[in-house]
Every structure is written in C-alpha cells, then in structure tokens.
There are 2 protein chains.
Amino acid sequence: MADSDDKLPKYRRIADALKDAVNSGQYAAGDRLPGENDLMETYGVARMTARQALGVLQSEGIAEARKGAGVFVRDFRPLRRRGIQRLAEAQWGSGRSIWAADIDNRELEVDQVDVSVAVAPERIADTLGLEPGDSVCVRQRRFVLDGKPVLLSTSYLPAALVAGTRIMQEDTGPGGTYARLAEIDAKPAHFREELRSRMPTADETAALQLAAGTPVILICRTAFAQDHRPVEVNEMTLDAASYVLEYDFDA
Amino acid sequence: MADSDDKLPKYRRIADALKDAVNSGQYAAGDRLPGENDLMETYGVARMTARQALGVLQSEGIAEARKGAGVFVRDFRPLRRRGIQRLAEAQWGSGRSIWAADIDNRELEVDQVDVSVAVAPERIADTLGLEPGDSVCVRQRRFVLDGKPVLLSTSYLPAALVAGTRIMQEDTGPGGTYARLAEIDAKPAHFREELRSRMPTADETAALQLAAGTPVILICRTAFAQDHRPVEVNEMTLDAASYVLEYDFDA
DNA sequence: TAGTGGTCTAGACCACAGC
DNA sequence: CTGTGGTCTAGACCACTAC
C-alpha cells in the first residue's frame, strides 16, 4: 500500500512492486521472481524496461540473476566476527586459531594459501616503519564458508623479523602467526583495525564470487608489539553480505 | 596495457579503458568523463552500450552522473571515526560531545533532530530487555559534513528510565545523552557495536543524498550500565564513502 | 529443445544544466 | 538554446539452464 507513485518511472514502480512482494513474504529466499517475459506481459512494457526493474533489485542486493535460469531472491545469513575477543591472547595463546572465533557452528576453511617474499608496497612500508625497498613476508589466503568464498586476507610482516620462522611456511602451526611472533619476542599486544566499505572491483567480484549489489568491507589491521613496534599489517576483503562485525569495549 | 580482453563484452572493455584512464590520473577527482555521445563516436557503439559502460563506473562508485551536465569522477575523502576513544568516559564525562571526536578539522553538524516517545519496535524491546508494548524515547538525528548528509542516527532509550530528564529534549546539554544517563544512575560502562554493510534502500539514498554505487554502513550500538543493564540502543546509517571506522584495542 | 538472462542496435521523447 | 543524461520502445543474436 501507500503506492504514492507520483511520477515514478515505470521501472521503479515495477521494482517497488517486486520489493513489496518480497518483503511481504510472497517470495521467500531462494524463490524465483517473475522473469523479463513475465514482467513485459504483466505490465505491458518493453524488454529493457522489465530488465531495468529487475536490475534495481539486483543492485540493491535483494535478488540475484542466474543465467538461463531466472532471477532469484537472495539469502542473507551473515557470519558474526567478534573483532576484539577473537584477537585476545587467550585465543591464539592457547593454540587455537583466531578464525575459530568466527564460526557459528559452520565451517570456515582456508581455500587458497600463498606465502612469498617481496618488496613492501609503499603504504605497507610506511605502516610497518620500514625503509623503501625493504622486504616483507606476504601471506595471502582465501577463506571459504559452505563452499562460498567470504574473505580474502593478505598479511605483511617484516622479512627481517620473521626469516627462518614457521611464519614463512604455509602452515604456521598451533596458534598461528601470532603465537609464532610471541616466540621471537614480538608478541602482539595491541591492535588497530580500520574499516571501509565500497563496491568491489572486478577482481574482487571474481575472487569472492560476489553477486551484483554486494559491497565489500575492507579491514586493515595493524598489530603492535609491547614496545609499540608494528609487527604485522593484515589487509582483508570481506563479502559484506556474509559478515556482521562486532566490537565490544568499555567506556 | 595488459588489456587481455579475450571475449569481454564491449561495454566492459570501454569501462575498463575509462577506469584505467582514471587510475592513471588522466582524469582527476571532479573531472568530467567522456559522455555517451563521445563514447558512441570513439568506439562506434550504440547509445545503450556507451551508457552501460558509464553505468559500470557509477555502480562501482568511481563516477557520478549529473543530469544535463555529464559524468564526473567522484571525490573520496572519508572522515575518521574512532570507535573506542570517542566513547571513552573522558569524552562525554568532560562535557564534550562524542561527535567532536570524529572531526578532522572539518565541521560535523546536526541538521535535523526529532525526539518522540513510541512503542518499542520488537528488536529494540528485545535488546533493551523491555516487555512488548513498553515505550521508548526515540531520538532521531541527521549529521551533515560540508553541507552533505553523512550519518543518520536513531537512539532508543527506555521511556521509564529517561522520563523527565533532559534526554527527552532536543538539546541534551553538555556531554549529551551519556552524561545525562550518568546523572540518573545509569552511566554507560560498556558498549557493543555491530557493523553491517549493504546497498541503501531508496529512503536511505534520499536521506543521505547518496550517489549510485555507494553502500551504507549500519552500526547498531548498545550501551550497558555498570550492572550490565542495557540503557540505550543506537542504530546508525553511514554513507560508506564518507567514513573510515577505527577500532583500537589490546590483545 | 524451449526458455532464460546477457548483450547490442537504432531509433525516440523528456527534463535539466550551462551558456 | 544546445547538449547532457534519464527513460523507453521494438526488435536482434547469443550462451546458458533445465527438462
């Protein structure tokens, strides 16, 4: 109701009607919506107009087109990421992975791993307090939930610091990178996370298999040792539809 | 270079060429990009195809169309919001607004204020531990930076708790709502912020004057008193292009 | 094979911006 | 006023999906 369509373009009215139908429960998550041909007939519009209406729902993240099959209502069951508890020393200090703190009885797996050494990009060198041209250990990973990629992570550590440690290997051992840093007198004591959100690039869309209308959340985390020296920068790219981020803190 | 266009659709190639030109600095923020007519001529394509190419840049938040004028490269200078320091008691305890912690020598102003009493929505009643049908004080505000709205905030407090206090007025006085809560034995001691990101609804697009291709960040903050009783829920909607969120914490 | 969405063309009229 | 983007039509061919 309240279809106060003064002079809304046709495609907006059709889109609004579809959205109302979805919100009213007429179509549930996973259901197929009326296709281009259906809309052309129902509303007496041209193909491009029906298409544009369906495009609105896709760009708002409400629906998802599957080639040759139809347009479907998207599901939305995000993972809860506890920003602070997950990095408490009790997590990795006890040999558990910090990623274990993310799962709500669902499986979060590492899908792709790549470890290499390279010259530090300028912004990383700045943050880590390195000289231009210094090398860093680069650890790239992709995380998959229920078969769908949800997170890309690229971690940078000063090569001079971590040379010869298990951090240079694909499997960093119990407690992960942070437990290993603790063993070489570089135990993380303080973290800073910076968050942004924007629409994905084509590369990100491919790597995370993102539906149209899904933003990404960028997290840049810097880990500092007790002496305030930065020891790691971790740049993450999250499928925004797959995550809720939580931060708990005192006044 | 590296235009490895195997079988990319025309509009994607045109879009990629434009993106390269933007990234290489050929077009700076605020510059006008080649219009539909220019692209039709340059690439020998139909109007809808040129249009689709420009649509890619807009939906990725790179460019912004202005009716009757052209398509322009968007500017991007986000505001830094320090999630934890800004809520430290030292902020509001000293009579300063928590919003003062957001500005980087730029003006953040309240644009619209509305204070009312209403029945608590179900999710709010749940979070605040109220019975269904209980009333809440609802404080709605819009914040503007450099003339552009960047943040919508709706704060809910139990009506029984704040009745008769300055929290029910538009101007809550020095230190704001939290300072007033402290005066009635409900001083916030702990906070939880939950973050999501998604594409905006039509209402949000209008209220925040969002360009196409701009996501919103949703923050739901719950404030707890010393005795762990929830005293406020604040739902915020941020223009994602206007904000960087920062959280600092110890291991 | 029939139907779906993805891409593309070649036109059209409109509202709005800037000169 | 001219040019811009916004909307819309009526066709077309393709690749893919499901049956």
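Not measured: the values here are computed from a predicted model.
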For Arg74(B), what residues pass the salt bridge (charged side-chain N to carboxylate O under 4.0 Å, His left out) criterion, not counting sequence neighbours?
none
Identify all pairs in which a protein N or O lies below 3.5 Å from an N or O of nucleotides 1-5 of chain D, and state each distance.
{"unit_1": "dG3(D)", "atom_1": "N2", "unit_2": "Gly68(B)", "atom_2": "O", "d": "3.0"}
{"unit_1": "dT4(D)", "atom_1": "OP2", "unit_2": "Asn37(B)", "atom_2": "ND2", "d": "2.4"}
{"unit_1": "dT4(D)", "atom_1": "O2", "unit_2": "Gly68(B)", "atom_2": "N", "d": "3.4"}
{"unit_1": "dG5(D)", "atom_1": "OP2", "unit_2": "Glu36(B)", "atom_2": "N", "d": "3.1"}

Rounded to the nearest 0.5 angstrom, the CD-OG1 distance for Glu232(A) and Thr127(A) is 11.5 Å
Can you give me the closest heavy-atom contact between Met199(A) and Ser59(B), atom names plus distance?
CG-O, 3.2 Å
Say whether, by atom type as modelled, one donor and one acceptor occur between the side chain of Arg198(B) and the main chain of Leu218(B) under 3.5 angstrom.
no
Exceeds 12 heavy-atom contacts within 6.0 angstrom, atom CD of Glu41(A):
no
I'd like to know if the side chain of Arg81(B) and the backbone of Tyr243(B) have a donor-acceptor N/O pair within less than 3.5 Å.
no
For Ala53(B) and Ala15(B), the nearest pair of non-hydrogen atoms, with its separation, is O-CB, 3.8 Å
Can you pull the contact range of chain B along DNA chain C, 5' to 3', using atoms under 4.0 angstrom from its heavy atoms?
dT7(C) to dA17(C)
